[in-house]
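In this text the structure is predicted, and so the values were computed from the model without any measurement.
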Amino acid sequence: MSTPKYLGAGRHQLFAARKYLKVPGFTPLHTAPNSSVELQSHDEEAVIALGSNVGNRLHNFKEAMKLMRKSGINITRLLVCMRQHQHIIEKDLGRTDGIRYGPRSIDLDILFYGKYKVRSDILTIPHERIWERPFVMAPLMDLQGSAIDSDTVATWHSFSGHSGGFSGLWEKLGGESLIGEEGMYRVMPIANGLLDWSRRTSVMGILNLTPDSFSDGLRISVEEELSRLIPVLEAVVSMPEVEGKLISVLDSNMFKLMADLDLPYVAMHMRGDPCTMQNSENRKYDNVCKEISLELYSHVREAEMSGILAWRIIIDPGLGFSKKTEDNLDVLTGLPDIREEIAKRSLAISHAPILIGPSRKRFLGEICSRPNAVERDPAIIASVAAGVLGGANIVRVHNVKDNLDAVKFCDCNNSITGVLCHRLLLLQGHAEPQNAAKSRTKKYEMQ
């Protein structure tokens with residue numbers, strides 16, 4: 001499994017991957033062209049960190065991942081079959097011998113390898129500087145969190161030297177308050193760049209090409225769908241304004257397509273299919289936010305197992321899909337609860353951007369007595385505002401102009417609230433990371 005990547009001081013980029021290494025007999029750990037350390041082991045679980053601070057970092061990571069797969073490393077959460085090791089990949093990507101801890105195009109560090117501690121002239125495991133580097137601890141926390149699901153992981157926690165394990169040490173460094181400060185933030189790869197979705201809410205515009213709607217139970221053939229889509233898609237892609245933007249298209253073989261193309265994937269909650277999702281059985285919940293969280297987590301894990309990396313995943317609680325009107329309201333006001341429930345299983349997934357799509361949904365018409373979908377814009381703006389104030393990072397709407405204004409206002413409000421909350425903490429005597437208040441105030445002024 002891979003976690004969202006972080007940028008440290010705007011220069012260093014790192015992510016951690018938890019892997020299982022299945023290597024019979026002796027395992028050579030190559031750390032220099034003509035040297036290695038051999039460990040007699042069989043199936044070992046490991047965490048490997050990739051870093052880059054020279055050149056096109058996103059390109060460096062993509063190439064490193066390709067070389068890892070080419071060398072026999074199957075990057076999943078369950079198994080990695082390793083035949084070559086990090087030095088070969090580093091060399092192939094242009095890394096040369098130079099200053100230790102100096103700039104490099106790619107750097108692969110073994111943070112943990114089974115229950116082993118290795119101390120030699122050429123290799124140290126656990127990596128000697130894990131515990132002092134927030135930009136290493138942050139993705140490690142997202143990857144592993146406080147969960148201890150094996151003896152091996154328990155050993156890793158003990159290596160931290162802190163009674164609270166990773167969590168205790170992370171909090172000692174500053175914890176979640178460090179994210180967004182001093183150049184360290186969660187990002188998602190978009191085209192050839194990196195999107196920091198936490199700085200402002202993104203608006204996704206809907207271009208509806210159908211005279212009917214699948215939500216009304218109407219379906220069209222694949223041929224008709226393509227005849228509608230392709231000419232419009234070609235025209236949209238040719239527009240200069242679209243450069244650097246995302247275009248969303250559905251495909252029946254979505255997991256494989258997303259994994260092969262290295263594209264962001266929206267994991268949306270729905271029970272059944274568009275024709276059966278509103279059946280009474282599919283709309284039964286004892287605790288809607290908790291059950292959505294469990295089902296979304298399972299969906300995301302399936303996507304990860306298919307090769308979609310976690311930092312490319314967006315989660316969507318599926319407003320209007322398999323839910324009654326009161327369920328949709330619970331979801332809109334319960335986005336923090338959904339994150340909290342997912343965090344019990346995966347911090348990485350719980351920190352993924354949340355997308356909501358209330359636009360023209362039937363539940364808004366029922367609440368506001370607006371049977372005609374095009375008359376629901378005021379209700380849509382209100383629901384978008386509620387979602388953004390509750391933690392949504394992306395909103396999917398038909399009326400982009402008016403909802404963009406609503407999003408800008410909510411983002412500004414959230415910035416003001418963040419500054420006031422931090423000032424209140426200071427008044428109460430709580431410490432704040434160095435330069436944090438200055439950074440937050442500057443961020444608000446930039447809004």
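In this view, L226 and V222, I230 satisfy the side chain to side chain contact (heavy atoms under 4.5 Å, CB included) rule, not counting sequence neighbours. For R271, the salt bridge (charged side-chain N to carboxylate O under 4.0 Å, His left out) partners two or more places apart in sequence, or in a different chain, are E291, E295. For the side chain to side chain donor-acceptor pair (under 3.5 Å) test, residues two or more places apart in sequence or in another chain that qualify with T201 are D411. Looking at residues two or more places apart in sequence or on another chain, you find a side chain to side chain contact (heavy atoms under 4.5 Å, CB included) between I130 and L111, F112, P126, H127, V136, M137, L140. Scored by the salt bridge (charged side-chain N to carboxylate O under 4.0 Å, His left out) test, D273 finds no partners at all (sequence neighbours excluded). Every residue two or more places apart in sequence or in another chain that forms a side chain to side chain donor-acceptor pair (under 3.5 Å) with H299 is listed here: Y265. The side chain to side chain donor-acceptor pair (under 3.5 Å) test applied to S359 returns H398, not counting sequence neighbours. Residues satisfying the side chain to side chain donor-acceptor pair (under 3.5 Å) criterion with E132, sequence neighbours excluded, are R129. In this view, K344 and E341 satisfy the salt bridge (charged side-chain N to carboxylate O under 4.0 Å, His left out) rule, not counting sequence neighbours. T152 pairs by the side chain to side chain contact (heavy atoms under 4.5 Å, CB included) definition with E45, K115, S150, W156, not counting sequence neighbours. Judged as a side chain to side chain contact (heavy atoms under 4.5 Å, CB included), and not counting sequence neighbours, the contacts of N403 are I380, I381, V384, V397, N399.
Atom OG in S202 sits 10.5 Å away from atom CH2 in W197 (nearest 0.5 Å). For the atom pair CG (D327) and CD1 (I292), the distance works out to 7.5 Å, reported to the nearest 0.5 Å. Expressed to the nearest 0.5 Å, how far SG of C289 lies from CG of L335 amounts to 7.5 Å. Considering CG of L364 and OG of S383, their distance stands at 4.5 Å, rounded to 0.5 Å. For the atom pair CD1 of I179 and CD of E176, the computed distance is 5.0 Å after rounding to the nearest 0.5 Å. For the atom pair CG of L347 and CZ of R339, the computed distance is 11.5 Å after rounding to the nearest 0.5 Å.
Inter-residue side-chain proximity for I315 and M268 is flagged as unmet; no heavy-atom pair is nearer than 4.5 Å. Between H157 and V153 there is a side-chain heavy-atom pair separated by less than 4.5 Å. Between R186 and D142, the closest side-chain pair of non-hydrogen atoms falls below 4.5 Å. Between F321 and L319 there is no side-chain heavy-atom pair separated by less than 4.5 Å. Contact annotation: the side chain of H269 approaches that of K323 to within less than 4.5 Å [non-hydrogen atoms, C-beta and beyond]. The side-chain heavy atoms of M204 and V395, taken from C-beta on, include no pair separated by under 4.5 Å. With a 4.5 Å cut-off on side-chain heavy atoms, I338 and E340 do not count as touching. Looking at heavy atoms from C-beta onward, W131 lies in side-chain contact with F166 at the 4.5 angstrom threshold.
Taking all atoms of both residues into account, the shortest heavy-atom contact from I356 to G387 is CD1-CA, 3.7 Å. Minimum heavy-atom separation, R312 to P189: NH1-CG, 3.2 Å. Nearest heavy-atom pair across L296 and P317 is CD1-CA, 4.2 Å. When all heavy atoms of G318 and N328 are compared, the closest pair comes out as O-OD1, 4.5 Å. Closest non-hydrogen pair, N393 versus P353, comes out as OD1-CA, 3.3 Å. What you find for I125 and Y113 is that their closest heavy atoms are CG2-N, 3.7 Å.
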Practice item. Would you sort out whether E304 and I313 count as a side chain to side chain contact (heavy atoms under 4.5 Å, CB included), showing the intermediate values? Key: CA-CA 9 Å; E304 287 184 299; I313 292 177; 4.1 Å; yes

Practice item. Starting from the C-alpha separation in whole Å, work towards a yes-or-no answer on side chain to side chain contact (heavy atoms under 4.5 Å, CB included) for N413 and L389. Key: CA-CA 8 Å; N413 180 79; L389 294 175; 3.5 Å; yes

Exercise for review: Show the numbers, then the answer: is there a side chain to side chain contact (heavy atoms under 4.5 Å, CB included) between R345 and L294?
Suggested key: CA-CA 9 Å; R345 292 154 186 85; L294 290 171; 2.9 Å; yes

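Proximity of a side-chain donor or acceptor of S346 to a complementary backbone N or O of I342 within less than 3.5 Å is not detected. Proximity of a side-chain donor or acceptor of S177 to a complementary backbone N or O of G174 within less than 3.5 Å is detected.
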